[in-house]
Structures are given as C-alpha cells and as structure tokens.
Protein chains: 2
Amino acid sequence: MDSTLAMVEGEGRQRILAAAEKLFSDKAFDAVSMNAIACEAGISKANIYHYFPNKDTLYLAVLRVASHNLRAVLNEAVSAHGSVLDVLRHFARNHLQALLNRPQLVRLVWREILERGAPRAQEFAEQGFADMFSALVDVLKLGQSRGELRHDFDPALVATLLLGANVFFFQSRDILRHYPPITFADDPAGYDAGIVEILLRGLVPAPS
Amino acid sequence: MDSTLAMVEGEGRQRILAAAEKLFSDKAFDAVSMNAIACEAGISKANIYHYFPNKDTLYLAVLRVASHNLRAVLNEAVSAHGSVLDVLRHFARNHLQALLNRPQLVRLVWREILERGAPRAQEFAEQGFADMFSALVDVLKLGQSRGELRHDFDPALVATLLLGANVFFFQSRDILRHYPPITFADDPAGYDAGIVEILLRGLVPAPS
DNA sequence: AAAATACCCGACCAATCGGTCAATATCGGC
DNA sequence: GCCGATATTGACCGATTGGTCGGGTATTTT
C-alpha cells in the first residue's frame, strides 16, 4: 500500500517529467509546447495540469531534477585515489565521460546558463559548478602543499581551464569533427590525456 | 543617386536586422515574435515581410551578418608579430577581448551551435571556427619548427584548449564571479595571462 | 455499497503566433 | 501635375499557444 502505491502514484508525474526533459533538452523553452510534451508522455495535455500548475513550474521541476542528477553524476567523477597527478588524470577523463554520458542533462542545464535576462534557475547550475570547483581546487592545493605541483599558479584558474576544456569539447564536438587536423573528436579519453599531460608539464616543478 | 540612395534603401532593412539581432541574441528563435521585432525596429510587422519572406529567412540573415562580423572581429585578434610566445600571449588576450566586446554576436552564433536537430546555419559557425583554428595551429606549428615549442604535443589539441578556455570564460563569467576563490572573473587580461603562462611552461622545452 | 479522492480526458477559451492582402503614403523621374 | 515603384500600414486569417472546465473513470477509505 505504501511502496507500490507510491510508485504508481508517482508514475504519471515521472512520465511527464521524463518526456519534458527529453524535449526541453533538444529545443528551447518556447519551442516545446505542452501538447508535444503530453504527446511524448502518452497522456492528454489537460492531465499535465493535474500535476503541474503551469508550464514554468513544469520546466523548473525538470531543471531541478536534471540539475540534481547531473550533479550526482559529476560528483562521482571526483572520487579518486593515489597521487595528485593520477587524481587529476582520472578526474579529467571521468568528468568528460560523465558529460558525454548524459548529454541531455548537460544541454538542459547549460542552456539555462546561457539564456539571458531570465535567471529561471541559475542557482541549480551554480550548485553543480560549486561542487566541481571546490573539489578540483582542493586537489590542486593538496598537490601544491605536497610539493607535487608548482606553487606559483592559481588553483582556481587551473580548475577553470580544466573544466572549460571538457565543457568546450562537449559543446563543439560536432564541429571539431569536421576539421582534418583534429584527430581526437571521437576519442575523448585521448583528448583528456593530452590535455592533462600538457597541463602537468607546466604544473610539475622543473627538474632543474 | 547611388551611394545615398543605396543607404536610404537599405536603412529599413538594416533597422530590422539590428532589432532582430538584439532580440535573437537574448532569447531563442521561438521566444522572439515578429511583433516584438517590428516593435523594436519601430515599424509595423507587415513591413518586415516587405524585406524578408518569412521569419526563418530573417533569422538566417541575422545569423549570416552576425557570423560575418564576428569572424572579422575575431580574425583581427590573430594579427601579431614577434616571437611565437608573444604571438600566443597577444592572441589569447585579443581573442577573449573580442568575445567580450561583442557578446550579442557571440551568444547568437553560439546558441546556433548548441541547438539540436536544426542545423539552421551551422556552416556559419564553422567558418569562424575554421579561421581561428587554422591560424592558431599554424602559429603553434611555426613555434615547433622554430624550436620555441616542444615537438611532442598536438597543435590542434592546444588550439582547442586555448579557444575553449576563452569561450568557457565568456560563457560562465557570471557564475564564476560568485565563487570566492576566483579572483579573475572581472580581469580577463589577467585570466588569459595566467592561462597562457601555465600552458607555456608545459610547451616550452625543458631546460634540461 | 457508498462516499471520497485521485486520476484522466475531450472540448473549449482568449490570446498570440506567423503570415497575407488590399489599400495608402511617399518619392524620384518626367 | 502625373506616374510607376518602393515603403508602409491596419485589418485580417487559420493555426497554435498556454490554460480552463465539467464530467467522466478508477481506486481507496469508510
């Protein structure tokens, strides 16, 4: 009565959320009609309004769960062990892989970041950022205090550089693939390996 | 009769294009109505259809001129002189500054890149990419052949890293600004200086 | 069984959408 | 003054939009 009922109760709601997430991740807010969502969910449009008072609330709910899920997925990438260098290597690869594994969530949240004038839910996006950033910065600081990394660079700047490299790769992958000199468009692991290697040669103290 | 008349003739058209560019850079395609464009341009909606057959064509025209202008602005950043290291330093700063100087154009073109399923004008975006990339790759290759840079890295990968760093900074600037450990959100020149310095320490051959 | 409650839908609403059209205003060339 | 062409407009169109409403149909609770 409780568990099965709860699942059945939430089924309709979740079907709507799933359909909305799919559509909202492909097209912008105004480009997705409530009719399309209802059709995708296999229910009637009026039924949506039984669960959500209006379109904005539904969109916000989608963004909330998407941000939450994305945050969880990305935070998994942080977990690592061994030397700071290895942690960085693993983080880069796992982070990019997490992005590529959930392209819908990433596009959904990132679109919200880029949209102007309407900070519908920037807080969600910022949360995901905060976790990534603080975790990365901590790792870099640890490397500095351990002497594995140089002391004369800003950890936050390197974190930005690393995150940006992955996000940029995710965003412009389709375009990068069209350029002959680029061989890593379909090899994210190789891309991150190269990126980190280049960074490390600059971060590791010179052998002198 | 030719020059002045041509300007007067094109005035209405350009007013529409300017208004459309402004609105399309803030909100997505479906979120901008022809009425809003007409209102912004100070003319009637029907008058727009005297210059453009439909909304898609107008949007395409806006994207075409925006892409062209952005391409020109960005290409200016490439021009440089002196050592390869100096060229890279100047390029990074000028490129980011160009992005920040024309936020509307950047958002407009970049939104088109991120939108799914509808490659309305990906060609335009790709053109801008191609120029940047080939120029940067050439500079890096030159540095390699001159011995100013290492030979064991992929120039295209470094070019991606550098461009991505700037684009990412441009996109997430508002978010970055909210994090205490980040001091460079309002100092793009300092950001690029730090980025390039980190990269160079990895690219320059070790003193051995 | 009856009442209550959650769920679901076809039909409908006013508003707005992109787009059309006929009519007018403007203007340079004659 | 007249005329053809270009500019410009208000009124209008069918379609679609987000959202409402009344009434159904299960499913529980009592």
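From a predicted model like this one, the values you see are computed outputs, not experimental measurements. Residue numbering restarts at 1 for every chain, and letters A, B, ... go by the order of the sequence lines.
Computed from coordinates, the B:N54 CG to C:dG19 P distance equals 5 Å when rounded to whole Å. Regarding A:Q14, its CD atom lies at a distance of 13 Å from the P atom of C:dC7, rounded to whole Å. Regarding A:F52, its CZ atom lies at a distance of 13 Å from the P atom of D:dG19, rounded to whole Å. The separation between A:L23 atom CG and D:dT17 atom P is 12 Å, rounded to whole Å. If you take CE of B:M34 and P of C:dA15, they are 23 Å apart, rounded to a whole angstrom. Counting to the nearest Å, the P atom of C:dC27 and the CD atom of B:E11 are 12 Å from each other. Protein atom CG of A:D30 is 8 Å distant from nucleotide atom P of D:dG18, rounded to whole Å. Atom-to-atom, OH of A:Y51 to P of D:dG18 comes out at 20 Å; the value is rounded to the nearest Å.
If you check D:dT6, D:dG19, D:dT17 against the side chain of A:K55, the one that comes closest is D:dG19.
With sequence neighbours left out, the side-chain contact (heavy atoms from CB on, under 4.5 Å) criterion links A:A31 to A:K27, B:D30. Residues satisfying the salt bridge (charged side-chain N to carboxylate O under 4.0 Å, His left out) criterion with B:K22, sequence neighbours excluded, are B:E40. Remark: B:F169 pairs with B:Y191 by the ring-ring contact (aromatic ring centres under 6.0 Å, His included) rule, at least two apart or across chains. Residues satisfying the ring-ring contact (aromatic ring centres under 6.0 Å, His included) test with B:Y179, not counting sequence neighbours, are A:F133. Partners of B:R93 according to the side-chain contact (heavy atoms from CB on, under 4.5 Å) rule, which considers only residues two or more places apart in sequence or in another chain, are B:H90, B:A189.
An OP1 or OP2 oxygen of D:dT9 is reached within less than 4.0 angstrom by no side-chain nitrogen or oxygen of B:Y49. Distances shown here put a side-chain N or O of A:H50 below 4.0 Å from the OP1 or OP2 atom of C:dC7.
Using a 4.0 Å cut-off on heavy atoms, the residues of residues 39-48 of chain A that approach DNA chain C are A:I43, A:S44, A:A46, A:N47, listed by number.
Classified by interplanar angle (parallel below 30°, tilted 30° to 60°, perpendicular above 60°), the ring pair A:Y59/A:F24 is perpendicular.
Note on A:D138 versus A:K141: no salt bridge recorded, every NZ/NE/NH1/NH2 to OD/OE distance being 4.0 Å or above.
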